[in-house]
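The structure displayed is predicted, hence computed values, not measured ones. Chain letters run A, B, ... following the sequence lines, proteins first, then strands; residues in each count from 1. Values below: every heavy atom of this structure, side chains too, minus hydrogens, waters and symmetry copies.
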Amino acid sequence: MKITGTFIDEISHDIPHQNWGREEWDRDFGYMKAIGIDTVILIRSGYRRFITYPSAYLQGVLGCYSPPVDLLEQFLELADKHALQFYFGLYDSGQYWDTGNMQHEIDANRYVIDEVWQRYGHYKSFAGWYLSMEISRKTKGATAAFHILGKQCKEISGGLPTFISPWIDGKKAVLASSSQLSKTDAISLQEHEAEWGEIFSGIQGAVDAVAFQDGHIDYHELPAFFEVNKKLADRFGLQCWTNAESFDRDMPIRFLPIKFEKLRLKLEAARLAGYDKAITFEFSHFMSPQSAYLQAGHLYNRYKEYIERLG
Amino acid sequence: MKITGTFIDEISHDIPHQNWGREEWDRDFGYMKAIGIDTVILIRSGYRRFITYPSAYLQGVLGCYSPPVDLLEQFLELADKHALQFYFGLYDSGQYWDTGNMQHEIDANRYVIDEVWQRYGHYKSFAGWYLSMEISRKTKGATAAFHILGKQCKEISGGLPTFISPWIDGKKAVLASSSQLSKTDAISLQEHEAEWGEIFSGIQGAVDAVAFQDGHIDYHELPAFFEVNKKLADRFGLQCWTNAESFDRDMPIRFLPIKFEKLRLKLEAARLAGYDKAITFEFSHFMSPQSAYLQAGHLYNRYKEYIERLG
Amino acid sequence: MKITGTFIDEISHDIPHQNWGREEWDRDFGYMKAIGIDTVILIRSGYRRFITYPSAYLQGVLGCYSPPVDLLEQFLELADKHALQFYFGLYDSGQYWDTGNMQHEIDANRYVIDEVWQRYGHYKSFAGWYLSMEISRKTKGATAAFHILGKQCKEISGGLPTFISPWIDGKKAVLASSSQLSKTDAISLQEHEAEWGEIFSGIQGAVDAVAFQDGHIDYHELPAFFEVNKKLADRFGLQCWTNAESFDRDMPIRFLPIKFEKLRLKLEAARLAGYDKAITFEFSHFMSPQSAYLQAGHLYNRYKEYIERLG
């Protein structure tokens, strides 16, 4: 299973910034292409007061800071240049993380979607939308928000595809800033299936693909969960992607690049389950030859050897 | 607002050591000069048993370890060579952190100041003193200690300037080893003004400049706090510097280089408030092209572009 | 005191993987030789489901994953090539960490020792065994396990030497994933001596050397603890090695390379106590010129200067 997409994490919750300029990003898109990546996904267009493009609405109404560079323009231009497909990630106000209430996300993104499509929709590489709210089964209230926002994205853009990337409420689902390495009461496979069945049914028609994050369960649990995910996705007419995390959740430093063997186990499990596509969070910190984490460059080499053997 | 000074953090509380030799430090002072830095500040001459120069007093009486290199001599020689101004940071016994009592710091530094001025005071670059005890408004008892030690520094050295670098008791004021990312009951602006007024009044005549650490409050709170700081400093005849932290307090890894956009927000706020000087904690780990954290080299480049645009 | 051995931490509890291939390891063994290292120790042949060599037993019975590379073969071939002595570290099922019960380790390793000696015992570099269970004085129940497994290793291999590397239950003995930097109730020297006397007496004849980890006590406590360790080792006919940790336990990032001054203090203490050998945990992350942690390359240079001065 080859990785053909990656998030771009320029507005990050928890990964320190690399301070790259346009030159480094141009080169990185080249490194991506060289291993078969055809899709880049802006993980979010803003988070709380930090945003990726100058926005009258976000700056004027929500008090966001004026960004030093129009990153959205830059990524679209580079995606055009490298013939990559670009997915736009919605704005994250942070309110949802604090309160569990999605109303702020709906309100803000109603403006953002319009504004962005109007100003950036003409780029050839603008290929889809990423509904950036990260949920697990416990946040079923999000279903309605996904439905509303997914519909708006598709309608304004002539039906461009949308996707989500939730997490499995497994034993490694703890906050990055916590010192715990796992939680004890992990979700059972049965609960997972029942609750995601409900969620998938509610987002039908508004969401085209679901890319579960693959890092919250143990490696030997992957086959069972992946089989259920694929079955559910098929039942509700969704594409089934995997979000293959290329950082290591098992280490006290949060986070450095993953051990290749672990990434391979996860990709193999997705392949065996018949998944449609693999994307990763994310190439530029954890797999890039120019990453500040030099382990990433070695992971790039190990991954390249792996896909060359696959042929 | 250009950064014209940096701490040197060779005896660190919480930043892992880079294991540089003289050659690396020589080169680093060159990198500093190239972006307009004219001042280097030894953050502390010792911390608990680790010290920067061979000291009969600290080794004999306090049981400090014999340092492998005389770092103080090395930094003064290199500061002479590169025409940088050198500030000497007092010894930190660690007792103050453990007990809240400043008496140990006063006792130890009475000797250290004499010893250091006698042996190193002749270097052309020896330009001032840094009273290295870090306080916030809650540790007002420190006022007397600053007064005593500041006076001694100035008297022995013919009036060389002294400064302090306290922190604002804001919502990010948590220990580096804690897994919390912020604390809930942040200080209000009014309390800040009232309590720092008292402190400033107590250190008048013994301290010439105050460089508040800029990382403990949120970015949108900077203008209000900076305005108060400047007003207070003016009232008590102190220079108002900013200690622009070049590491990122918002990330689970403690600490890697800051995102340039954040540094820029902080420098702009200091400029708007009419601050006198900007220093940083610190160049060599977080902004240097030869830092072990490669994000630092990119921050150097982004910062250079920024000051070139300022002209 | 020169470091003449290093662990190889390819199956790690807590140090993120560097994703090296054979080429990087070949080069690293060269870097080791260049500073006088003659011994490499595979820290463990497996941990829970991750293993270093294809094992019918571990994969078939314990459900371990099929390793992408036979690392054991690779390390033995490279040790042969570079004329290094190779010690094999036993399998760690993880059960002991979870339950305190050593029975799983005994059961699994009875097979592993046979399997490994049969398939890899012919390599010229295969020079000894590392009993990889890490214990402190609180886990005296481990004595019987060390006895059983040590005996088996020696008997099957014609008496090749065995060693253990326990930790001192000192004030820095806290888990890597914890946010505490030290614990309050540290072991006293008297307890240490009494309890390790019992343990050493129980492992006589089955274990040839003991290499205490040197990072759990404070630097000024080293001489006293090292003197006791040497006295005890002499009394029970064990070789006394030091496991000089080359990572820094005093920093919030867990873990980056140690400050050279600290490593030097620890090596000097071992020399003064008349220790027989110094090994390190571990060269490739924390001292190697090609480590992803660039501080490690500088530590290599500082260490080289140090041993050149020693002559």
Within the supplied structure, the quantity of interest is the number of heavy atoms (other residues, nucleotides, ligands) at a distance under 6.0 Å from A/Tyr57 OH; does it exceed 12? yes
More than 12 foreign heavy atoms under 6.0 Å from NE2 of A/His82: is that the case here? yes
What part of B/Leu265 gets closer than 4.5 Å to chain A, counting heavy atoms only: side chain, backbone, both or neither? side chain
Within 6.0 Å of CD in B/Glu227, more than 12 heavy atoms from elsewhere: no
Contact class of B/Leu256 relative to chain A, heavy atoms under 4.5 angstrom: side chain
Is any NZ, NE, NH1 or NH2 atom of the basic residue among A/Glu305 and A/Arg302 found under 4.0 Å from an Asp or Glu carboxylate oxygen of the other? yes
If one checks every heavy atom of A/Ile15 against chain B at 4.5 Å, the contacting part turns out to be backbone
Do you know which of B/Asp248, B/Asp218, B/Leu299 has the most heavy-atom pairs with chain A at a distance under 4.5 angstrom? B/Leu299
Structural part of A/Glu10 lying under 4.5 Å from a heavy atom of chain B: backbone
Shortest non-hydrogen separation from A/Ser291 to A/Tyr293 and the atoms involved: OG-N, 2.9 Å
